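Working notes for the structure below.
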2 protein chains.
Amino acid sequence: MSSTAKGVRARARMEVTAAIKDEARRQLAAEGAAKLSLRAVARELGMVSSALYRYFPSRDDLLTALIIDAYDSLGESAEAAHAEAVDAGPVQRWISVAQAVRDWALRHPHEYALIYGSPVPGYTAPDTTVPPASRVGLVFIGILREAHATSGLTEPAPLPADLRPEAERMTADLAPDLPPANVAALVASWAELFGLVGFDLFGQFNRVVEHREAFFRHAVGRLAHGVGLVDGRG
Amino acid sequence: MSSTAKGVRARARMEVTAAIKDEARRQLAAEGAAKLSLRAVARELGMVSSALYRYFPSRDDLLTALIIDAYDSLGESAEAAHAEAVDAGPVQRWISVAQAVRDWALRHPHEYALIYGSPVPGYTAPDTTVPPASRVGLVFIGILREAHATSGLTEPAPLPADLRPEAERMTADLAPDLPPANVAALVASWAELFGLVGFDLFGQFNRVVEHREAFFRHAVGRLAHGVGLVDGRG
DNA sequence: ACACATTCGAGAGCACTGCTCTTGCTTTGG
DNA sequence: CCAAAGCAAGAGCAGTGCTCTCGAATGTGT
């Protein structure tokens, strides 16, 4: 009943699978998803390429595994930043989490590109990726809900009539205790945050924005106020 | 001095170059950038792959040409939308241009991914791409400048001290007649707009946002107000 | 403990890719 | 008119994802 519970074979499979993912992640970080080669991974691990298909039925399945890990890694960073900023006010908490997202992206550009850049060839992400992909969003929802329960939220611009049912549906799905207008603003700001990060990372800010950190901090602060957060102790 | 001014050969070169780009664009639209194959393009055009290298020294150069064309196509759509909305108020103009960007993206998803998604392998865009890439941004700057000169702008949240010099530099580069706080907000909203479009296009809104048009319209309306635009006749 | 089934690594091979180099042919310009 | 430049074609190199087959190692049921 040790960690070798299921026998030598299952254990070896775990280890080899992990080694493949590790080496693949190394190549991903070094050269990007497009140059990730099954053969090169196998070569580096001292095995032959066909052996690798015992562990991942195709290159896209390997990528899917890396995508899930990337979402989890990013989500973990966001959650950690939120936990560390627990003593700050809602706006500062929001900013801290946003900065954690940006920092992670700058530290793992190719993995960020893998999950928030163009989808690969004809690849469509399986449902397995949904929960890990939601973690960052859930952190922001948590900030808003906590603020709503304690220091309160300001009301954003009223919803147009054609968006009311949609906003109420989103509210029921995501955070039933929040006003729909704030939920709609939150979802928009969530996407907008990744627009800021992506432009920074992918070079669209070259020759335009110089002091990226200060600019980003100000921009996400504006987003925080836009969703209804107000300064003050949490 | 007709269009065959430089002789049969130069004319043929233009035509073949155009045919290559057309076929490449077709494959790009059909399968995405990763599956764009020089050999397949040549095959479809009835020539041999090596002949294609007389026109584009590498696959990346072909992609660069397509990137420039995509930026120009998107920029043209944005400019056309702006021209058509000339009678509307500033906010409505902003929304119309934003919708044109989104519509273009939905109509050319792979080309959008090419220019605003992950950068290709180790590829870095040459300076040739800068002017076409700026066209959309320039339209938004134009809307803000016109509004500033006529109906006026509201003041966004004041700039923090560490962002003042940066905002003033951006203002000098982009629109010296605008207040720096509005320029900083504009640059942020520019990136945020593409965050909204990207999330829509790349599936991040799946199972979250249902009525995409209404949601997008509301979100970019909020961005318009955020940069200081106010409703009213243009 | 033995036999059967499953799992695994290795190798060969297919069809494809980007790219280079050489070989002739055609157009161009002095 | 003839040399120079532009061009298409073919062969070839190194690499890719993926499939199939074949022994060997490792499981499991009796």
Side-chain angles (χ1 to χ4, degrees), chain A residues 1-21 23-24 26-28 30-67 114 119-123, chain B residues 2-21 23-24 26-28 30-67 114 119-124:
Chain A
M1 52 191 61
S2 74
S3 55
T4 71
K6 274 295 182 182
V8 174
R9 199 144 216 176
R11 177 165 185 79
R13 184 167 238 283
M14 294 290 188
E15 282 176 7
V16 175
T17 304
I20 292 172
K21 287 209 293 186
E23 177 57 31
R26 276 197 47 230
Q27 291 193 18
L28 177 64
E31 299 275 14
K35 289 197 174 173
L36 192 161
S37 151
L38 279 187
R39 291 182 113 110
V41 170
R43 201 181 307 135
E44 210 68 22
L45 261 52
M47 48 172 123
V48 84
S49 72
S50 58
L52 221 145
Y53 285 81
R54 301 265 171 201
Y55 300 89
F56 295 95
S58 83
R59 182 179 177 280
D60 281 3
D61 290 271
L62 216 194
L63 273 181
T64 300
L66 295 183
I67 286 173
L114 190 61
V120 283
Y123 172 90
Chain B
S2 77
S3 55
T4 72
K6 274 295 182 182
V8 172
R9 199 144 218 175
R11 178 166 183 78
R13 181 167 242 284
M14 294 290 187
E15 282 175 7
V16 175
T17 305
I20 292 171
K21 286 209 291 186
E23 177 58 31
R26 277 197 44 231
Q27 290 195 16
L28 177 65
E31 299 275 14
K35 289 196 176 175
L36 193 160
S37 150
L38 280 187
R39 291 181 113 111
V41 170
R43 201 181 306 134
E44 210 69 22
L45 261 50
M47 47 173 125
V48 84
S49 73
S50 58
L52 221 145
Y53 285 81
R54 300 262 166 202
Y55 300 88
F56 296 93
S58 83
R59 183 179 176 278
D60 280 4
D61 290 271
L62 215 195
L63 273 180
T64 300
L66 295 182
I67 286 173
L114 191 61
V120 282
Y123 172 89
T124 52

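Quantities reported herein were computed from a predicted structural model and do not represent experimental measurements.
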For this session: Look at B:Ser37 and C:dT17 and indicate whether a side-chain polar atom (N or O) is within less than 4.0 Å of OP1 or OP2.
Result: yes
Problem set entry | N or O in side chain of A:Arg9 less than 4.0 angstrom from C:dT7 OP1/OP2 | no
Round to the nearest Å and state the distance from [X] atom [atom1] to [N] atom [atom2].
{"X": "B:Leu52", "N": "D:dA8", "atom1": "CG", "atom2": "P", "answer": "9 Å"}
{"X": "A:Glu31", "N": "D:dT16", "atom1": "CD", "atom2": "P", "answer": "12 Å"}
{"X": "B:Arg39", "N": "D:dT16", "atom1": "CZ", "atom2": "P", "answer": "16 Å"}
{"X": "A:Ile20", "N": "C:dG9", "atom1": "CD1", "atom2": "C1'", "answer": "12 Å"}
{"X": "B:Tyr53", "N": "D:dG10", "atom1": "OH", "atom2": "C1'", "answer": "15 Å"}
{"X": "A:Arg11", "N": "C:dC8", "atom1": "CZ", "atom2": "P", "answer": "16 Å"}
{"X": "B:Phe56", "N": "C:dC19", "atom1": "CZ", "atom2": "C1'", "answer": "16 Å"}
{"X": "B:Arg59", "N": "D:dT16", "atom1": "CZ", "atom2": "C1'", "answer": "13 Å"}

Which of these nucleotides, [options], is closest to any side-chain atom of [X]?
{"X": "B:Ala40", "options": "D:dA9, D:dG17, C:dT17", "value": "C:dT17"}
{"X": "A:Arg43", "options": "C:dC19, D:dG15, C:dA10", "value": "D:dG15"}
{"X": "A:Leu38", "options": "D:dC20, D:dG17, C:dC19", "value": "D:dG17"}
{"X": "A:Ala51", "options": "C:dG9, D:dG10, C:dC16", "value": "C:dG9"}
{"X": "B:Ser50", "options": "C:dC21, C:dG13, D:dT19", "value": "C:dC21"}

Exercise. Do you know which two heavy atoms are closest between A:Arg39 and A:Ser49, and how far apart they sit?
Worked result: CG-CB, 3.8 Å
Exercise. What pair of heavy atoms forms the shortest contact from B:Ala65 to B:Lys21, and how long is it?
Worked result: CB-CD, 3.8 Å
Identify whether any heavy atom of [X] sits under 4.0 Å from a base atom; if not, whether one sits that close to sugar-phosphate; answer base, sugar-phosphate or nothing.
{"X": "A:Tyr55", "answer": "sugar-phosphate"}
{"X": "A:Ser49", "answer": "base"}
{"X": "B:Leu36", "answer": "sugar-phosphate"}

For this session: Please tell me if the side chains of B:Val16 and B:Met47 come closer than 4.5 Å, counting only heavy atoms from C-beta onward.
Result: yes
Problem set entry | Along DNA chain C (nearest heavy atom to each residue), the more 5'-positioned of B:Pro57 and A:Val48 | A:Val48
For this session: Step by step, work out the side-chain contact (heavy atoms from CB on, under 4.5 Å) result for B:Glu15 and B:Arg11.
Result: CA-CA 6 Å; B:Glu15 282 175 7; B:Arg11 178 166 183 78; 3.6 Å; yes
Exercise. D:dG6 base to B:Arg13 side chain: any donor-acceptor pair below 3.5 Å?
Worked result: no
For this session: Spell out yes or no: do the side chain of A:Arg54 and the base of C:dT7 have one donor N/O and one acceptor N/O closer than 3.5 Å?
Result: no
Exercise. When you check the side-chain N and O atoms of A:Asp61 and A:Thr64, is any donor under 3.5 Å from an acceptor?
Worked result: no
Problem set entry | Side chain B:Arg59, main chain B:Leu36, donor-acceptor under 3.5 Å | yes
